*Asks:* 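One structure coming up, written as structure tokens, with questions to follow.
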Amino acid sequence: MKEAPESLNFLEQIIEEDLAAGLSQDKLRFRFPPEPNGYLHIGHAASICLNFGLGERYNAPVNLRFDDTNPAKEEQEYVDAIKRDIQWLGFKWASECYSSDYFQQLYDWAIHLIKNDKAYVDGQSAEVQAEQKGTPTTPGVESPHRNQSVDENLDLFERMKKGEFEPGSYVLRAKIDMTSSNMLMRDPILYRIVNKPHHRTGDEWCIYPLYDWAHGESDYIEQVSHSLCTLEFKMHRELYDWFLDQLHDPSLLRPKQREFARRNLSYTIMSKRKLLQLVQENVVSGWDDPRMPTISGHRRRGYTPESIRKFSDVAGISKRDNITDVSLLEFCIREDLNKKATRVMGVLNPVKLVITNYPNGKVEMLAMENNPEEENSGTHEVPFSRELYIEREDFKEEAGSKYFRLTLGKEVRLKSAYIIKGESVVKDENGNILEIHCTADLDSRSGSGTEASQRRVKGTLHWVSIQHAIKAEVREYDRLFLDEAPDSHEDKTFMDFINPNSLNVVKEAYLEPFLADARMEDKFQFQRLGYFTLDKDSIEGKLVFNKTVGLRDSWAKQAPKPAQTQNPAKPNTQNQGHRNPLNEIQKISKKYTNLSGDKLSAARENILKLAEGVSYEDLEPLFNTAAKKVGTRIGVTLALGVLLSKGQERNEAINSFLQEASEDGNELLSSEAKAIL
RNA sequence: UGGUCUAUGGUGUAACUGGCAACACGUCUGAUUUUGGUUCAGAAGAGUCUAGGUUCGAGCCCUAGUAGACCAACCA
């Protein structure tokens with residue numbers, strides 16, 4: 001068998017190259033390095049799946065490392081939540097590491113830098129130092145402390161460590177290059193003083209390393225071969241390498257930082273800081289609110305680990321900015337749940353249905369398939385009786401032929417039960433429907449094998465027996481934001497796009513009694529409605545269900561849209577400049593010579609129409625289009641014809657362009673040119 | 001106005017050392033269906049940001065543009 005022509009992402013290609021260049025595969029090692037200052041979200045899931053996926057692919061260890069160098073923001077709660085989420089996704093880390101475990105080593109290395117005259121203690125204020133740093137376009141100036149003696153630096157750093165100074169009074173800086181075009185190389189800070197207890201080291205330290213000093217060195221200590229991070233750290237690579245240059249022992253592996261684009265999802269945000277704001281301002285109920293893009297939010301909502309891993313896998317990894325449509329995530333969870341979820345019935349917006357020819361007091365237990373997607377999933381029993389609830393939207397007194405549901409005089413099947421026909425309605429004085437009366441074809445019971453049971457009717461409805469139904473709360477969710485990219489607007493913040501209707505609580509839904517025994521980990525499909533799972537707010541006798549995601553609904557698409565699902569104004573990240581008519585013409589023209597017949601004349605018409613919006617000033621530069629780009633020249637010729645007919649004066653440029661075109665070997669071009677010459 | 005990175009259907013990714021742009025989602029048909037679900041069959045949709053160049057041949061190479069992202073926290 002030939003190997004499948006598998007395509008590698010660019011990071012896998014880099015690793016393959018390193019392997020080919022002599023890196024031994026058993027040296028491969030990865031890490032996932034979250035800062036414990038918030039909960040993990042779906043973007044982190046991409047990074048987790050990437051790193052742990054590489055670990056699985058190359059049979060290499062993957063460390064979980066908490067980047068805990070800022071005691072002001074970090075908490076044990078977050079450490080615990082992060083571990084829980086990674087485990088839930090199904091990954092096992094080789095070692096649980098903490099940057100804080102390396103504080104002593106980092107300190108020793110800092111001393112080493114000072115002794116080599118590569119670092120110095122600066123006692124200027126943050127403002128002054130910022131001033132001296134310059135801007136991306138102007139070089140910085142050196143600190144007056146830059147050339148202090150090694151001994152003085154050693155002494156000051158020692159006293160920083162001992163806690164003799166106030167926060168902000170002194171920092172340790174690397175001595176690199178205040179004129180570098182990379183701002184991070186302008187004598188970056190290695191240590192600052194923070195008088196806050198650390199969640200692991202307590203009061204042991206009062207100086208803390210900054211990210212750049214801690215991260216690469218931690219990678220080095222752990223002998224991580226490939227340190228993968230998001231694109232915003234690209235600039236840090238130069239510093240990462242500089243630090244390693246100062247202390248790398250050639251007998252040890254030297255870590256390599258590479259960057260990939262973070263995963264963005266449409267209609268949500270992926271910033272821990274902003275998610276924290278949603279939590280703190282009570283826009284959501286917490287980090288695990290089912291509307292949150294966090295892993296814990298998705299879990300609570302009913303997503304499976306498999307679906308999130310599938311999503312990360314199918315979305316892939318690259319270096320370009322992206323906004324992945326949520327529909328891809330929704331596809332992944334539906335695909336998984338379709339195979340797993342137990343089919344049940346529940347009515348969220350009930351209206352009473354009376355089967356007038358069904359005996360009062362009679363109860364039948366009907367068999368209902370647990371999962372038609374799975375052979376041996378079995379059945380469970382659903383009680384059927386004279387009085388039922390069905391969804392209000394499933395009945396109309398009269399409707400067009402495209403409406404497959406219950407109307408007066410038309411037949412539909414009650415799922416797993418009988419075929420019924422609408423007969424009459426009972427209304428209150430305001431015209432609201434109180435009851436629907438129907439008759440059942442009593443021979444048509446599902447599975448009875450009778451001829452009537454085989455009859456086909458257009459629609460099938462779900463239902464519950466009123467007398468047997470259990471009541472439960474059902475929470476339905478919509479996207480949290482109304483904008484596709486809520487945090488990418490210059491004039492507005494993400495808070496301006498909060499969807500006021502993102503949560504819909506159905507206080508009293510009616511569910512089949514089977515659901516009374518539901519457990520937290522169960523996944524259900526409420527037939528025709530969507531996938532649901534128990535929420536943690538459930539208590540004995542008062543269940544709460546979360547709607548994970550609806551079923552695909554090709555009926556709803558035809559009907560008028562319920563809400564703001566579409567957002568016509570595309571913020572689109574990258575403007576490729578196809579907007580103006582001239583660009584359109586160029587685009588059409590390119591393939592002009594490949595066209596024939598109707599398509600050709602349509603393209604010609606199109607160009608002529610678009611040419612109405614083109615100015616001569618814009619068109620003229622295209623006169624010197626390369627000779628072999630015949631299509632483009634035809635387009636230009638056609639557009640020029642339109643301009644001339646509108647009164648554009650002929651000039652030398654026009655005449656020589658047309659002359660040349662009319663003599664061209666391509667007939668299409670020459671004839672168009674001759675026509676207007 | 002400095003530096004770095006990126007640019008392929010509506011979206012996300014492919015295309016190995018150049019060889020007539022592929023896959024998934026989404027969209028639209030049709031069939032199947034006791035879920036307007038699923039499944040199956042099919043269709044439409046880009047000629048690869050622009051212009052020039054090298055080449056028999058360019059999404060891949062070269063040049064010049066354009067657009068977007070990132071960089072001046074004692075955050076990570």
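Small disclaimer: the values here were computed from a predicted structure and weren't measured. Chain A is the first sequence line, chain B the second, and so forth, proteins listed ahead of strands; every chain is numbered from 1.
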*Asks:* Any idea which of rC71(B), rC75(B), rG36(B) is nearest the Ser554(A) side chain?
*Replies:*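 Nucleotide nearest to Ser554(A)'s side chain: rG36(B).
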
*Asks:* Can you confirm if the aromatic rings of His44(A) and Tyr39(A) lie within a centre distance of less than 6.0 Å?
*Replies:* no

*Asks:* What's the closest nucleotide to the side chain of Lys415(A) if the choices are rG2(B), rC71(B), rU35(B)?
*Replies:* rU35(B)

*Asks:* Would you tell me whether Glu364(A) and Tyr418(A) have side-chain atoms, one donor and one acceptor, within less than 3.5 Å of each other?
*Replies:* yes

*Asks:* Using a 4.0 Å heavy-atom cut-off, does Leu210(A) contact any base of the nucleic acid, only the sugar-phosphate backbone, or nothing at all?
*Replies:* sugar-phosphate

*Asks:* Can rG47(B) be described as syn, meaning its chi torsion is within 90° of 0, or is it anti?
*Replies:*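 It is syn.
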
*Asks:* For Tyr191(A), report the nucleic acid contact type (base, sugar-phosphate, nothing); a contact means any heavy atom under 4.0 Å.
*Replies:* nothing

*Asks:* Do the side-chain N or O atoms of Ser327(A) get closer than 4.0 angstrom to the phosphate oxygens (OP1, OP2) of rC25(B)?
*Replies:*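 Result: no.
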
*Asks:* What is the separation between atom NZ on Lys234(A) and atom P on rU6(B), rounded to the nearest whole Å?
*Replies:* 7 Å

*Asks:* What nucleotide among rC5(B), rG36(B), rG2(B) has an atom nearest to a side-chain atom of Pro136(A)?
*Replies:*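 So the side chain of Pro136(A) is nearest to rG2(B).
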
*Asks:* When the aromatic ring centroids of Tyr240(A) and Phe233(A) are compared, is their separation below 6.0 Å?
*Replies:* no

*Asks:* Among the candidates rG26(B), rU35(B), rA76(B), find the nucleotide nearest to the side-chain atoms of Tyr211(A).
*Replies:* rA76(B)

*Asks:* Any side-chain N or O of Arg334(A) less than 4.0 Å from the OP1 or OP2 oxygen of rU39(B)?
*Replies:* no

*Asks:* Stacking check: are the rings of Trp555(A) and rG36(B) less than 5.5 Å apart at their centres and under 30 degrees in tilt?
*Replies:*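 Ring-base stacking flag set for Trp555(A) and rG36(B).
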
*Asks:* Write down the distance separating the C1' atoms in rA7(B) and rG12(B), rounded off to the nearest Å.
*Replies:* 15 Å

*Asks:* Side chain of Phe331(A) only, please: which of rA14(B), rU35(B), rG26(B) is the nearest?
*Replies:* rG26(B)

*Asks:* Rounded to whole angstrom, note down the C1' distance from rA15(B) over to rA21(B).
*Replies:*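 That atom pair is separated by 7 Å.
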
*Asks:* Looking at the base of rU35(B), is there any donor atom on it, or on the side chain of Arg343(A), that sits under 3.5 Å from an acceptor on the other one?
*Replies:*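 It does, because a donor-acceptor pair links the side chain of Arg343(A) to the base of rU35(B) below 3.5 Å.
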
*Asks:* Using atom P in both nucleotides, what's the gap between rA44(B) and rC60(B) to the nearest angstrom?
*Replies:* 26 Å

*Asks:* Which nucleotide, rC75(B), rA14(B), rG26(B), lies nearest any side-chain atom of Glu35(A)?
*Replies:*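 Of all the options, the side chain of Glu35(A) is nearest to rC75(B).
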
*Asks:* Where the side chain of Asp325(A) is concerned, which of rC25(B), rU11(B), rG36(B) is the nearest nucleotide?
*Replies:*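 So the nucleotide nearest the side chain must be rU11(B).
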
*Asks:* Between Lys319(A) and rC5(B), is there a side-chain N or O to OP1/OP2 distance below 4.0 Å?
*Replies:*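 So the side chain of Lys319(A) is outside the cut-off, no N or O lying under 4.0 Å from OP1 or OP2 of rC5(B).
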
*Asks:* Which nucleotide wins on minimum distance to the side chain of Asn70(A), given the candidates rG2(B), rG36(B), rC75(B)?
*Replies:*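 Side chain of Asn70(A) sits closest to rC75(B).
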
*Asks:* Hey, do the aromatic rings of His145(A) and Tyr120(A) have their centres closer than 6.0 Å?
*Replies:*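 They do not qualify: ring centres at least 6.0 Å apart.
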
*Asks:* Checking base pairs now: Watson-Crick or wobble, both atom distances under 3.5 Å. What partners rC25(B)?
*Replies:* rG10(B)

*Asks:* When you measure from the side-chain N and O atoms of Arg192(A) to the phosphate of rA76(B), is any distance below 4.0 Å, counting only OP1 and OP2?
*Replies:*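 So the side-chain polar atoms of Arg192(A) do come within 4.0 Å of the phosphate oxygens OP1 or OP2 of rA76(B), strictly under.
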
*Asks:* Using the aromatic ring of Phe404(A) (for Trp, its six-membered ring), decide whether it stacks on the base of rG36(B) within the limits of 5.5 Å and 30°.
*Replies:* yes

*Asks:* If you measure only the distance, is there a donor-acceptor pair under 3.5 Å linking the side chains of Glu373(A) and Asn371(A)?
*Replies:* no

*Asks:* Looking only at heavy atoms, what is the nearest atom pair of Met160(A) and Leu172(A), with distance?
*Replies:* CE-N, 4.0 Å

*Asks:* Salt bridge between Arg186(A) and Asp177(A), side-chain N to carboxylate O under 4.0 Å?
*Replies:* no

*Asks:* Using a 4.0 Å heavy-atom cut-off across all strands, classify Leu231(A) as base, sugar-phosphate, or nothing.
*Replies:*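 No contact.
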
*Asks:* Roughly, in whole Å, what's the span from CG in Asn338(A) to P in rC25(B)?
*Replies:*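 Distance check: Asn338(A) CG to rC25(B) P gives 14 Å.
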
*Asks:* Let's see if you can work this out: which of rG12(B), rC75(B), rG37(B) has an atom nearest to the side-chain heavy atoms of Leu551(A)?
*Replies:*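 That would be rG37(B).
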
*Asks:* Provide, to the nearest angstrom, the distance between the CG atom belonging to Leu184(A) and the P atom belonging to rU4(B).
*Replies:*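 Distance check: Leu184(A) CG to rU4(B) P gives 14 Å.
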
*Asks:* I'd like the P distance from rC75(B) over to rC49(B), given in whole Å.
*Replies:*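 Result for the P pair: 41 Å, nearest Å.
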
*Asks:* Taking the P atom in each of rA64(B) and rG45(B), what is the distance between them to the nearest angstrom?
*Replies:* 37 Å

*Asks:* To the nearest Å, how far apart are Gln525(A) CD and rU35(B) P?
*Replies:*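 Spelled out: CD on Gln525(A) to P on rU35(B) is 11 Å.
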
*Asks:* Mark yes or no for a side-chain to base donor-acceptor pair under 3.5 Å between Arg405(A) and rG36(B), with no hydrogen or angle criteria applied.
*Replies:*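 Pair found.
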
*Asks:* Say you pick atom P in rU48(B) and the same atom in rA76(B); how far apart are they, in whole Å?
*Replies:* 45 Å

*Asks:* Ignoring the backbone of Asp321(A), work out which of rG36(B), rC74(B), rG68(B) is nearest its side chain.
*Replies:* rG68(B)

*Asks:* Regarding Gly447(A), tell me which of base, sugar-phosphate or nothing describes its non-hydrogen contacts under 4.0 Å with the strands shown.
*Replies:* base

*Asks:* Need the pair for rC40(B). Rule: Watson-Crick or G-U wobble, both distances under 3.5 Å, any strand; none if unpaired.
*Replies:* rG30(B)

*Asks:* Distance check: side-chain N/O of Arg528(A) vs OP1/OP2 of rG36(B), anything under 4.0 Å?
*Replies:* yes

*Asks:* Give none if rC16(B) has no partner; otherwise give the nucleotide forming a Watson-Crick or G-U wobble pair with it, both distances under 3.5 Å.
*Replies:* none

*Asks:* Between the base of rU4(B) and the side chain of Glu238(A), is there a donor and acceptor pair under 3.5 angstrom?
*Replies:*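 No pair found.
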
*Asks:* Now, which nucleotide makes the Watson-Crick or G-U wobble pair with rU63(B), with each of the two distances under 3.5 Å?
*Replies:* rA51(B)

*Asks:* With a 3.5 Å limit on both atom pairs, tell me what rA69(B) is paired to, counting Watson-Crick and G-U wobble, or say none.
*Replies:* rU4(B)

*Asks:* Could you work out the separation of rU50(B) and rG42(B) based on their C1' atoms and round it to a whole Å?
*Replies:*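 Approximately 36 Å lies between the C1' atom of rU50(B) and that of rG42(B).
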
*Asks:* With a 4.0 Å cut-off on heavy atoms, is Pro372(A) in touch with a base, just the backbone sugar-phosphate, or nothing at all?
*Replies:*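 If one applies the 4.0 Å heavy-atom cut-off, Pro372(A) turns out to touch a base.
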
*Asks:* Below 4.0 angstrom from OP1 or OP2 of rA14(B), is there any side-chain N or O of Gln13(A)?
*Replies:*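 False: Gln13(A) side-chain N/O out of range (4.0 Å or more) of rA14(B) OP1/OP2.
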
*Asks:* Expressed in angstrom and rounded to an integer, what is the separation of Arg65(A) atom CZ from rA76(B) atom P?
*Replies:* 13 Å

*Asks:* Rounding to a whole Å, what distance do you find between Leu50(A):CG and rU13(B):C1'?
*Replies:*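 Going from Leu50(A) (CG) to rU13(B) (C1'), I get 14 Å.
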
*Asks:* Under 4.0 angstrom, heavy atoms only, what part of the nucleic acid is Arg413(A) near: base, sugar-phosphate, or nothing?
*Replies:*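 If one applies the 4.0 Å heavy-atom cut-off, Arg413(A) turns out to touch a base.
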
*Asks:* If I take atom CD1 in residue Ile317(A) and atom P in nucleotide rA24(B), what distance separates them, rounded to the nearest angstrom?
*Replies:* 21 Å

*Asks:* Are OP1 or OP2 of rC75(B) and a side-chain N or O of Thr69(A) less than 4.0 angstrom apart?
*Replies:* no

*Asks:* Base, sugar-phosphate alone, or nothing: which one does Lys272(A) contact when heavy atoms must sit under 4.0 Å apart?
*Replies:*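 The residue Lys272(A) makes no contact with any strand.
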
*Asks:* Decide whether Gln257(A) and Glu259(A) meet the rule of one side-chain donor and one side-chain acceptor closer than 3.5 Å.
*Replies:*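 On atom types as modelled, these side chains qualify, holding a pair under 3.5 Å.
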
*Asks:* When the ring centroid of Tyr107(A) is compared with that of Phe157(A), is the distance short of 6.0 Å?
*Replies:*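 Yes, they do, as the ring centres are separated by less than 6.0 Å.
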
*Asks:* Any chance the rings of Phe165(A) and Tyr170(A) have centres within less than 6.0 Å?
*Replies:* yes

*Asks:* Whole-Å distance between rC5(B) P and Leu11(A) CG?
*Replies:* 16 Å

*Asks:* Give me the distance, rounded to whole Å, that separates rU32(B) from rA24(B) when you measure between the P atoms they each carry.
*Replies:* 25 Å

*Asks:* Remember a base hit wins even if backbone is also touched, and classify Phe260(A) as base, sugar-phosphate or nothing at under 4.0 Å, heavy atoms.
*Replies:*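 Nothing, no heavy atom under 4.0 Å.
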
